[in-house]
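Protein chains get the first letters and strands the later ones, always in sequence-line order, with residue 1 at the start of each.
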Amino acid sequence: MTALVPLPNAWNVFNLQASPYWQDPLGDDDAVHPLHLFVGRTTELAALVDGLHAAGASSSRRAIAGAAGVGKTTLVERFKAAALRAGYLTGDAVVPILSGDTAEALFGRVLGAVYDMVLANRPGTLDHPAMRAGSWSM
Amino acid sequence: MNNLEHLGDADVRHAATPLRDLRDPMLMHPGLHFVLVGTVDAVRGAVFTHPQVRSTFSTVIDLPPLSTPGVLEVLQWRYTHLQLDLTHPWVAPVTDDAIAQLHTLFRGDLRGLLKALEDGVRPTIGLLERIRPLTHPELAQALWSVSQAAVSQALSGFVAGGYVVALPKEPGQAMRYALSGVSRVVFPSAERRGSARPVLRGSQPARGTTHVRYTTSALAAAIFVTSAAVAGAQQQPPTRLPAATATETVRTVTVQNDRGSAVTLFVDAGRVDRAIGTVAAGEIGTLALPAWATNGKRSVQVVARAARPRVVSQGRVDGTACRGTARVPHDERVRPDWRLPRRRRTFTLARRPTGRGAGTLASFRREPPMPHDRPIPVAVTAWRRPALTHGRSGSVVLVALFAAACAGSVNRADDGARRATATAQEVAVFEGPIWRLVEVRTAEGRVAPAVARGALRLVGGRLTGTTGCNNVMGEYTRDPADASRLRIGATAASMMACDDPRMAQEQHVLGALDRVTRAEREGNRLRLRDDAGVTWLAFEEEVPAPLVGTAWRVTNYDNGRRAVVSVRVGTTLTARFAADGTLAGSAGCNSYRAGYTRTGDTLTITPPAATRRACQEPEGVMEQEAAFLAALPRTEVLEIEGDRMTLRTVSGRLVAILVATTD
């Protein structure tokens, strides 16, 4: 019976722990792909953060357009981290807009994301009296 | 929100509709901040298709690709982050030059570049005589080494289809191929599941054209198609292909003007439309599309507008005979109320700010570039707005979650719906207007007068309205044989609680709607009856509040920082327009006075003068006052629907929203 030996990590020959060419966006709670590796985009980031502060307690809408793979998602992750530090709740989920979406379907998805966001950031929410069964109306 | 990346043009336009419908309950909901992310085409489509959505978004951030030094910096950080033995330096697996070349090839697609690097480096590890970075030729060899026979075989289908062209064979050289200008190649295994082989997107290929503009990068891309196609049977998803953008510069659109007057053609350029030329009455004109309008885009939108007298014509579906031409229909199709505001310089696929009647419109989808001497093929598709928005529908859970105040106003149904059904020439008499509730019959048979504003609108199969407390929405179907018959399907209502009289009215209205089978209109009155002829609901057509004499209260205003915000709690901003051309009101702390001029739908307001009191409370009242008074003179267009007035600039940007109050 042959003993199973793990294959040597090929990237070690470059004195690297793993492949530096991962394609996932960076994330703040991601030890392998941490957000502090974020580079550049200072103008865009400043515009986003300023817009958020300008909107304050009201609402805001921003749009980021760019070619595939150009770094849109990572920029959003970086922006979300900044917003989180500024005291905003941020959602982990990306809400997709799908072809054939109805307003109801999209609205439901956004509501779900907002709901998750509030629960994730305010752990005690479910214990709040207003959240108990049967007390939805005001 | 993300990934509009994989949506086609039609999908994008479709995706724009829920955004428009959810504008008020979701996008504008206080405390929510949205970031919409996607490809340039997708985001532009989603944001710019509907002016109501466009006006709420700040400038779209166009994210350019990272520069080559930026990419190198990204990688340096990654190497350092992953450094194994901190006492020894890391070795970059690939030379900077190779990365720069690949970066150019991938046109900024960082994800594709990284995938290629990973795919290229991994198989070569351990094969080099010593540890050193890979050079570009080595990387390319590792990535794209396929046999000539495999290339020819895999490409034969694409060549036959015209997506890829074989370049003239030169002695001693391998066969070379180039993309014919189709914008993008999509791999099923990576991006679309279900289909077995790579799909080349883009419609009609340009047969027989050779594209010398595609040199090395296109060649690499084409060969790469092969390698991916060959490898497609394996599980490994292929590396993404660089997006190939057409570099052709000469493109034209031919317009056949069937109208009795000249038309000017505009090309959509974001917030401002640019005129590209005029075609005289009855003439056929060929207009060049400027490079900036077509470069890097899969489609451009061209709209026709009468040169004078500013009447918009509607583009017609001409799907079969539309190659290279767009027909501008006869004057007989032009309705007198489709007039644009006089000073409006911009025009897109849009309703005009006042609402009734609007725009064009044809959408021109660009196909692969054609030889210089032929016009660009355009596929004209009619651009008809979908049935009806349902404004605040479904704010059920949000309301419950955030305990928002009872803010039931009738849904602002979309004017496009009115137009769409109007052109269908079979509008039922009850369709279109906003009907204000007068009386409702209770289940016990008692006739109860309306105690709170209830309203209903029936357009295009969709029912929207308010019961007096909650918003209601649903669907209805008409009987094709009998124009007064209708069947109301399931309705849904939001779930706010109101005072008892309103709740009672709501119960009556919802109960009565279930029994309705007929709609009969007499003048400005509408009765909804059952089969026995019993009237269950009686309405009157809602007349828009007059500008002069109405006490207007401001609910939202443009704060001057590209955002339209709600008036702060505890402050009241008012406006009262007098017949003598003066406007006066409270700006929250001080009183103000201004002059105004109204001509039809255009409204100009002079810079207001205000008293000089300073208020401390509530917080922000002075900032709000300054922003509101600064916003007012930006008004150029007004729109009144029911008891709601919207002030805008000609480009559709909101200045303020006001509601009529009873005092």
Trainee: Relative to chain A, which of B:S67, B:A92, B:P93 shows the most heavy atom pairs under 4.5 Å?
Mentor: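 Winner by heavy-atom pair count: B:P93.
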
Trainee: Distance from A:Y21 atom OH to B:L114 atom CG, nearest 0.5 Å?
Mentor: 8.5 Å

Trainee: Main chain of B:V35, side chain of A:R62: is a donor-acceptor contact present, judged purely on distance under 3.5 Å?
Mentor: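 Not a single qualifying donor-acceptor pair exists.
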
Trainee: Got a donor-acceptor contact below 3.5 angstrom from the A:Q17 side chain to the B:Q83 backbone?
Mentor: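 Checked: pair present.
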
Trainee: Non-hydrogen atoms of chain A under 4.5 Å away: do they reach the side chain of B:L75, the backbone, both or neither?
Mentor: side chain

Trainee: Which atoms of A:Y88 are under 4.5 Å from chain B, going by heavy atoms: the side chain, the backbone, both sets, or neither?
Mentor: side chain

Trainee: The criterion is salt bridge (Lys or Arg N to Asp or Glu O under 4.0 Å); which residues satisfy it with A:R41, sequence neighbours excluded?
Mentor: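 Salt bridge (Lys or Arg N to Asp or Glu O under 4.0 Å) list for A:R41, sorted by chain: empty.
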
Trainee: Is a side-chain N or O of B:R78 found less than 3.5 angstrom from the main chain of A:W22, in a donor-acceptor match?
Mentor: yes

Trainee: Which pair of non-hydrogen atoms, one from A:A65 and one from B:V43, has the smallest distance, and what is that distance?
Mentor: CB-CB, 3.9 Å

Trainee: So how far is it from B:W90 CH2 to A:L16 CG, rounded to the nearest 0.5 Å?
Mentor: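 Output value for this atom pair is 8.5 Å.
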
Trainee: Please evaluate residues A:I64 and B:L36 with respect to the criterion side chain to side chain contact (heavy atoms under 4.5 Å, CB included), reporting the C-alpha separation (whole Å), side-chain torsions for both, the decisive distance (0.1 Å), and the verdict.
Mentor: CA-CA 6 Å; A:I64 301 173; B:L36 182 78; over 6 Å; no

Trainee: Please name the pair of heavy atoms, one in A:L106 and one in B:P18, separated by the smallest distance, quoted to 0.1 Å.
Mentor: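 Of all heavy-atom pairs spanning A:L106 and B:P18, the closest is CD2-CB, 3.8 Å.
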
Trainee: Run the side chain to side chain contact (heavy atoms under 4.5 Å, CB included) check on A:V110 and B:F34 step by step: do they pass?
Mentor: CA-CA 10 Å; A:V110 170; B:F34 291 88; 4.0 Å; yes

Trainee: Going by side chain to side chain contact (heavy atoms under 4.5 Å, CB included), name the residues that satisfy it together with A:A105, two or more places apart in sequence or in a different chain.
Mentor: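 So A:A105 forms a side chain to side chain contact (heavy atoms under 4.5 Å, CB included) with A:D101, A:T102, A:R109.
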
Trainee: Closest approach of A:A54 and B:N559, non-hydrogen atoms and distance?
Mentor: O-ND2, 4.3 Å

Trainee: Where do A:S19 and B:L82 come nearest, in terms of heavy atoms and distance?
Mentor: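 The answer is O-CD1, 3.5 Å.
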
Trainee: Are side-chain heavy atoms of B:P64 and A:E44 found at a separation under 4.5 Å?
Mentor: yes

Trainee: Non-hydrogen atoms of chain A under 4.5 Å away: do they reach the side chain of B:V94, the backbone, both or neither?
Mentor: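 Both parts, backbone and side chain.
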
Trainee: For a quick test of reading the model, state the closest non-hydrogen atom pair linking B:D21 to A:A103 and the distance between them.
Mentor: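 Reported closest heavy-atom pair: CB-CB, 3.8 Å.
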
Trainee: In Å and rounded to the nearest 0.5 Å, what is the CD1 to CG distance from B:I61 to A:L75?
Mentor: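 CG of A:L75 is found 7.0 Å from CD1 of B:I61.
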
Trainee: Rounded to the nearest 0.5 Å, what's the gap from CG on B:L84 to CZ on A:F14? Could you check?
Mentor: 13.0 Å

Trainee: Indicate whether the side chain of B:H33 and that of A:S60 have a donor and an acceptor atom separated by less than 3.5 Å.
Mentor: yes

Trainee: How many angstroms lie between atom CD of A:E104 and atom CG of B:L22, to the nearest 0.5 angstrom?
Mentor: 8.0 Å

Trainee: Going by heavy atoms in the side chains, are A:N15 and B:Y79 under 4.5 Å from each other?
Mentor: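 SC-SC contact between A:N15 and B:Y79 ruled out.
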
Trainee: With a 4.5 angstrom heavy-atom cut-off, which part of B:V47 approaches chain A: side chain, backbone, both or neither?
Mentor: side chain

Trainee: Using atom types as modelled and distance alone, determine if a side-chain donor or acceptor of B:D62 lies under 3.5 Å from a backbone N or O of A:G66.
Mentor: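 A pair under 3.5 Å: no.
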
Trainee: Quick one: CZ on B:R111 to OG1 on A:T73, what's the gap to the nearest 0.5 Å?
Mentor: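 If I round to the nearest 0.5 Å, the distance is 6.0 Å.
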
